[in-house]
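Everything numeric here is computed off the predicted structure, so don't read it as measured data. The sequence lines fix the lettering, A, B, ..., with proteins before strands; numbering per chain opens at 1.
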Amino acid sequence: MAKKILVVDDSDVLRRIMRFNLEKVGFTVLEAVNGEEGLEMIVNEKPDLVFLDIMMPKMDGFFVLKRLQEMGLTDIPIIVVTAKGGEDDALNAKRLGAKLVITKPFSPKEIVGLAKQFTE
Amino acid sequence: MDLREKLLEVARILGKEELESNMELEQVVEYLRVRAKKVMDEIESYREQLEASALLLESHVEELSKTYEELSTIFKITSIASRSLDPSEVIEEIMNELNGAIEARVALFIDKDGRRFFELGKEKHVEAYARYLTRCYLADECSTLVAENVKIDGVVFSNVLIVPIKGSRATWGVMGFAEKSNSPIFTASDRKLVEAVAQRLASSYDIKAFIDERIRQERLMEEIRIAGQIQLSLLPKEIPRVEFLEMDVFFKTARIVGGDFYDVVKPFEGKVFFVLADVSGKSVPAALLMSLAKGAIRAKTAVKPNDVHEYNLVDLASYLNSFILENSPIDRFITCVMGCVSQNGGVRMVNAGHDPVFVLRTDGSWEEYPAVAQPLGIMDIFDAEETRLHLQPGDLVVLFTDGVVETRNMEREEYGFDRLKRVVFQNRNKSVDEIIEDLRNDIINFSRGADQHDDITLLMMRYTGGGA
C-alpha cells in the first residue's frame with residue numbers, strides 16, 4: 001500500500017510542486033492549507049510523514065507541533081519546511097518535536113529523498 | 001400529476017425554450033432524449049477541456065518544479081563556492097551538485113593546468129571527452145557548445161554540453177557533460193544553469209588570482225623594504241669627526257633601494273678616505289651591486305692600526321673594476337670618485353667616469369676636476385692617473401651624483417651645475433651642514449611636484465686645516 005504523506009502549506013504552488021514530485025514516485029499525497037486543517041488531518045488520517053510549513057494563517061506550524069506534543073501524537077515524523085531562516089526558528093521547531101528543518105527554496109529531489117528516508 | 005405532466009415539468013427545467021402544455025407524451029420523451037444527449041455531449045466536452053487543462057497544469061507544475069530545483073541548486077553551489085578562496089578545493093562538490101541537476105552520465109572538469117576533477121562515466125568515454133575538452137580549451141575561441149551525436153576519437157556521444165570557465169583574467173578551465181539521462185538533448189535550461197555556475201566559478205578564480213598577485217606584490221615590497229633597510233645600514237652611521245675637515249652628506253634614494261653609495265672612513269690619524277659612487281640602473285639590481293662594491297671597498301681599505309702606507313687609489317679603482325666585471329651583469333657599471341684627504345690639505349683622487357668634483361676656493365673661484373678614466377666595470381683594463389690638488393683652509397670640496405644636477409621640475413628643466421654652484425657660493429660662509437641643508441631645500445623647492453627619478457647624493461667637505 002502506498003505511503004501517505006501530508007503536505008501542510010498555505011502556498012498552492014508549493015503544495016502542487018510537492019504533490020507532483022511525491023506522486024511521481026508513488027506516494028499518496030494529502031494537502032492542508034493551514035495549521036488547523038493540518039492538525040485535523042494528522043489526527044484523522046495518521047499519515048506516514050508530514051511536511052509542515054511554519055508561517056500559515058489560523059494556526060502556525062509551531063502551534064501544530066505544540067498541540068501534537070500535548071496530544072501525545074509524536075510518533076508521526078514531521079519535517080518542517082520553512083521560509084524562516086533564523087537559527088532560533090530551527091531550534092524551536094526541533095525542540096517541539098520536528099525531526100528535521102529544511103528551508104525554502106528546497107530541492108524537490110531532496111524532498112523526495114527525505115520522503116523515502118522517513119517512510120522506510 | 002400524470003407521467004406526461006411530470007416529464008413536461010422536467011423538460012421545462014432542462015430546456016431553455018417555452019414548451020407547450022398540450023405536448024403529447026411521445027413528444028415530451030423525444031424532447032427529453034434530445035436534451036439529455038445535448039447535456040451529455042456538453043459534459044463530455046467539459047471533461048475533455050478539463051483533462052487538457054489538467055495536463056497543461058501538470059506540465060506547468062513540472063516546469064515550475066524543475067525551476068525550483070535549479071534555483072535550489074544555484075543556492076547550494078553559491079554556498080559551496082563561498083566556503084573557500086581556492087575554487088579547486090570545492091570543484092568536486094560543485095560538479096557533484098551540478099550534475100545532480102543536469103543528470104549526465106559523463107561529466108568532467110579540467111582546469112587550465114590540465115588537472116581533472118570529478119570524472120564521471122566509463123573510462124573510454126571520459127578519456128575521449130577529456131582529450132576533446134583539452135583541445136577545446138586550448139582553441140582560440142572556446143565557447144559554450146550544446147550538440148547532439150558528436151563523435152570524439154571514435155566514441156559517439158548522443159549529446160554534449162560544454163561550458164568554459166571564462167574569467168576576466170583567463171579561461172580557468174572547462175566543464176563538460178555528456179549522455180544526459182532521460183532525455184535525448186541537453187535543454188536550454190541545462191545550459192543556463194551550467195553557464196550560471198561557470199560564471200560564479202570564473203569569479204572565484206579571478207578573485208583568487210587577484211589575491212595571489214597582491215600577496216606576491218606585498219611579499220616583494222616587504223623584501224625590497226628589508227633590502228632598503230639593509231642597504232641603509234651599510235651606509236656610514238655618521239660621518240667621522242676629523243679636526244681638519246668639516247663634512248656633511250645629503251642622501252636620498254629615488255625608490256626604496258638605490259644605486260648611489262658613499263663612504264667616508266678615517267683609517268688612521270691624519271687621513272680621510274672618501275668614495276662617492278653611482279651604480280647604473282635603479283632599484284634592486286643596482287642596490288645589490290652597490291652593496292657588493294661597498295663591501296669590496298671596505299674590505300680593501302681595512303687597515304691594520306700600525307700600517308701607515310698610503311692607499312694606491314689607482315690600484316684600488318683597478319681592483320674594483322675587476323671585481324665588478326666578475327660579479328655583475330654585463331650591462332652594469334659604476335661611476336665613482338674615490339680619494340684621500342690628508343691633514344696637510346693634500347688631496348689625491350681618481351674620478352672614474354663620474355661628474356666633476358667642484359672645489360670652491362676662498363677667493364670665490366671655482367675649480368672643476370673631471371673624470372680621468374672610464375667608469376668601472378666596462379673594460380678589462382683600467383688605466384688612470386691620480387688627480388692631485390692642495391686645499392687651503394676654508395676651501396670647499398663638493399661631490400655629487402648626477403641625480404642632483406639632473407633633478408627635474410614640472411617644466412622638465414634640469415637643476416643643473418650652475419644652480420648647484422650658485423647655491424653653494426651664496427651660502428659659502430655658512431657651516432657645511434647648513435650649506436647642505438640649503439641645497440637640500442633648494443632641490444626640493446625646484447622639483448616640487450615632480451617625481452624623483454634618480455638617487456641623490458651630495459658630499460661636501462671644508463678643509464679647516466685644524467690640527468695641522
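- Residue M55(A) qualifies as open at atom CE: its count of foreign heavy atoms under 6.0 Å is 12 or below.
- Separation of atoms CD (E62(B)) and CG (N21(A)) is listed at 8.5 Å; rounding is to 0.5 Å.
- Rounded to the nearest 0.5 Å, atoms NE2 (H60(B)) and CZ (F20(A)) are 12.5 Å apart.
- In this structure, L85(B) places its CG atom where only 12 or fewer heavy-atom neighbours from other residues, nucleotides or ligands lie under 6.0 Å away.
- Of all non-hydrogen atoms in V61(B) and R16(A), the two that sit nearest each other are CG1-O, 3.6 Å.
- Neither the backbone nor the side chain of I111(A) has a heavy atom closer than 4.5 Å to any heavy atom of chain B.
- Heavy-atom contacts from other residues, nucleotides or ligands closer than 6.0 Å to NZ of K192(B) number 12 or fewer.
- More than 12 non-hydrogen atoms from other residues, nucleotides or ligands lie less than 6.0 angstrom from CD of Q217(B).
- With respect to K109(A), the salt bridge (Lys or Arg N to Asp or Glu O under 4.0 Å) criterion is satisfied by exactly one of E97(B), E70(B), E69(B), E103(B): E103(B).
- Residue K66(B) does not touch chain A at all, counting heavy-atom pairs closer than 4.5 Å.
- Environment of CZ in R47(B): crowded, with over 12 heavy atoms of neighbouring residues, nucleotides or ligands closer than 6.0 Å.
- Counted within 6.0 Å of CZ on R83(B), heavy atoms from surrounding residues, nucleotides or ligands total more than 12; the atom is thus considered enclosed.
- Taking NZ of K104(A) as the reference point, atom CZ of F75(B) lies at 13.5 Å (rounded to 0.5 Å).
- Here the shortest heavy-atom pairing between Y68(B) and F106(A) reads CD2-O, 3.2 Å.
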